[in-house]
Amino acid sequence: MSREFSLAEIFQLGYYWETKILLTAVKLDLFSALDGKPKTAKEVAGRIGAHEPTLTLLLNALVALRLLTKEGDSYGNSPAAEKHLVRQSSQYIGHLLVLHDAEWNNWGKLEETIRTGHRPVDRHVFETDPELGSNVLAVLHRIGQQSGPDLAKRLKLSGRERLLDLGGGAGTNAIAFCQVYPELTATVFDLPATLRLTEKTVKEAGLESRIALRPGDFNRDALGGPYDVALMSDILHYQTFESNAALVGKVFTHLAPGGRLVIKDRFLDEAGTGPAWTTAFAIHILVNTQQGGCYRTGDAMSWLTKGGFTSVTELEKTAVVQGMKQ
Ligand SMILES: C[S@@+](CC[C@H](N)C(=O)[O-])C[C@H]1O[C@@H](n2cnc3c(N)ncnc32)[C@H](O)[C@@H]1O
């Protein structure tokens with residue numbers, strides 16, 4: 001049994017001031033303004049276009065949060081801020097925090113959403129701001145490079161297959177799969193705007209001869225093929241139950257006999273109360289997408305079965321399911 005919360009922990013859970021302080025500093029690109037050498041509040045205000053006395057309060061709070069240092073009147077970046085929050089750094093992750101900030105107002109409408117059942121958005125921020133979407137995918141690609149090889153090894157492919165990475169984003173999985181299986185070839189299918197980033201990451205990995213890019217809308221356009229393995233990684237939670245069922249059935253028709261479809265997503269358990277992170281993610285999807293949802297593993301298994309797949313199995317609890325085409 002999990003232990004009881006203390007009063008202090010309940011207060012901590014309801015406390016978001018520091019979150020918004022960090023998000024605002026990243027949105028103002030304050031850490032980049034401090035790149036290099038320490039500066040006074042006046043100098044920073046001049047660089048980012050801010051009201052100096054107000055900015056000073058923010059700078060001081062960031063010192064208390066240990067993201068900045070202060071000596072005399074001068075502020076500087078902490079080593080972690082210099083590494084991850086300065087735009088010019090190769091390890092910058094600010095795009096992801098800017099995304100959280102862009103979704104802030106939608107979270108503010110959670111009460112109304114719960115009362116009425118009406119969602120506050122009609123389009124996901126990636127549709128209204130494709131550049132931000134692409135920047136976020138690039139960050140996720142950099143920090144998520146370990147999960148791809150692990151999944152590739154777990155699937156135990158024979159090695160010579162043709163892979164379809166549907167909604168493959170930056171190509172993180174296609175690249176990892178090709179690195180694990182030197183004879184594998186892959187197609188990354190995604191929206192044309194996203195594939196501009198994929199072209200870069202595939203080139204950086206030196207895999208242009210083995211990874212093809214196919215632009216299109218997976219709900220509307222033909223997917224090419226036939227393929228031996230299709231992967232749907234983190235795409236189904238943006239769509240409705242019905243669209244997912246239709247898409248799974250569509251992929252079936254693009255697979256060769258003996259092929260398989262692997263779905264990796266953030267599934268809820270049967271009770272809907274775990275994994276803990278996914279229960280919060282389900283609320284995030286509720287307020288930030290027009291029609292997405294977090295589904296249960298059983299839902300994905302039913303899409304596979306209805307789509308014609310056999311030997312439908314859960315390979316990793318609340319994370320990966322697979323079906324075979326006979
Ligand atoms: C969360 S990302 C997942 C990327 C990748 N599969 C991964 O696991 O890293 C969702 C991807 O689905 C793509 N996408 C969304 N709707 C799409 C559609 N209708 N047709 C093709 N791609 C789509 C987005 O462009 C984005 O690259």
Side-chain angles (χ1 to χ4, degrees), residues 93 95-96 99-100 102-103 121-152 154-155 163-179 186-202 205 211-225 227 229-240 242-248 250-251 254 261-267 277-278 281-282 284-285 288-295 300 316 319-321:
I93 53 99
H95 299 302
L96 207 52
L99 172 66
H100 293 325
E103 292 167 337
V121 297
D122 54 13
R123 285 195 300 163
H124 188 256
V125 66
F126 281 2
E127 291 170 88
T128 51
D129 189 347
E131 194 189 335
L132 176 59
S134 177
N135 286 337
V136 169
L137 275 177
V139 172
L140 293 176
H141 174 65
R142 224 179 46 239
I143 63 181
Q145 288 191 0
Q146 197 37 49
S147 61
D150 288 349
L151 178 64
R154 233 177 308 138
L155 293 178
L163 167 77
L164 168 65
D165 189 1
L166 196 62
T172 317
N173 288 305
I175 291 170
F177 275 53
C178 283
Q179 285 166 342
T187 298
V188 178
F189 186 105
D190 210 299
L191 300 169
T194 305
L195 289 184
R196 284 202 287 274
L197 166 69
T198 326
E199 199 176 348
K200 273 198 238 153
T201 55
V202 168
I211 301 182
L213 307 183
R214 188 176 172 111
D217 176 332
F218 50 49
N219 291 315
R220 294 206 193 120
D221 302 320
L223 309 177
Y227 303 99
V229 189
L231 175 66
M232 291 174 161
S233 168
D234 285 332
I235 59 173
L236 298 183
H237 52 252
Y238 292 110
Q239 306 212 115
T240 62
E242 293 73 25
S243 313
N244 288 339
L247 189 57
V248 167
K250 179 174 177 179
V251 169
H254 289 75
L261 168 58
V262 178
I263 304 177
K264 175 182 160 292
D265 218 290
R266 321 290 172 140
F267 297 117
W277 185 87
T278 310
F281 184 63
H284 155 74
I285 289 291
N288 287 299
T289 72
Q290 184 193 7
Q291 51 186 14
C294 275
Y295 301 98
E316 191 184 323
V320 185
V321 295

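Positions are given from 1, in the same order as the sequence printed here. In this text the structure is predicted, and so the values were computed from the model without any measurement. When a ligand or atom number is given, it counts from 1 through the structure's own listing order.
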What do you reckon, is NZ of K250 surrounded by more than 12 foreign heavy atoms closer than 6.0 Å? yes
Answer with side chain, backbone, both or neither: which part of F126 has a heavy atom less than 4.0 angstrom from an atom of ligand 1? neither
State whether the shortest distance between N or O atoms of F218 and N or O atoms of ligand 1 falls below 3.5 angstrom. yes
Is the number of heavy atoms from other residues, nucleotides or ligands under 6.0 Å of Q291 CD greater than 12? yes
With heavy-atom distances below 4.5 Å as the criterion, would you say the side chains of R154 and V320 are in contact? yes
Non-hydrogen atoms of A170 versus ligand 1: any pair closer than 4.0 Å? no
R196, CZ atom: more than 12 neighbouring heavy atoms under 6.0 Å: no
Less than 3.5 Å between some nitrogen or oxygen of D217 and one of ligand 1, yes or no? yes
With H237 as reference, evaluate Y295, F281, F267 under the ring pair (Phe, Tyr, Trp, His ring centres under 6.0 Å) test and give the passing residue. F281
So for ligand 1, is L137 a polar contact partner (N or O within less than 3.5 Å, distance only)? no
Heavy atoms only: give me the nearest A170-L197 pair and the separation to one decimal. CB-CD2, 3.8 Å
Pairs in or reaching into residues 128-141: which pass side-chain hydrogen bond (donor to acceptor under 3.5 Å, both in side chains), with residues at least two apart or in two chains? H141-Q145, H141-T172
Quick test: of every protein heavy atom, which one is nearest to atom 11 (C) of ligand 1, and how far off is it to 0.1 Å? G167 O, 3.5 Å
Near G169 (heavy-atom distance under 4.0 Å), the atoms of ligand 1 are 4 (C), 27 (O)
Distance-only N or O hit between ligand 1 and S233, under 3.5 Å: yes
Within ligand 1, which atoms have a heavy atom of Y238 less than 4.0 Å away? 1 (C)
Nearest-contact summary for atom 10 (C) of ligand 1 - protein heavy atom, Å: D234 O, 3.7 Å
Backbone or side chain, does any N or O of H237 fall under 3.5 Å from an N or O of ligand 1? no
With backbone taken as N, CA, C and O and side chain as the heavy atoms from C-beta onward, which portion of N173 lies under 4.0 Å from ligand 1: side chain, backbone, both, or neither? side chain
Numbering as shown, the atoms of ligand 1 that approach G216 to under 4.0 Å (heavy-atom distance): 20 (N), 21 (C)
Atom 12 (O) of ligand 1: which protein heavy atom is closest, and how many Å away? I235 CG2, 3.6 Å
Between A186 and A174, the two heavy atoms sitting closest are CB-CB, 4.1 Å
When distances are taken from atom 25 (O) of ligand 1, the protein heavy atom at minimum range is D190 OD1, 2.6 Å
For T289, give me all partners under side chain to side chain donor-acceptor pair (under 3.5 Å), at least two apart in sequence or on another chain. R119
Check whether any side-chain heavy atom of T187 sits under 4.5 Å from a side-chain heavy atom of L223, and report yes or no. no
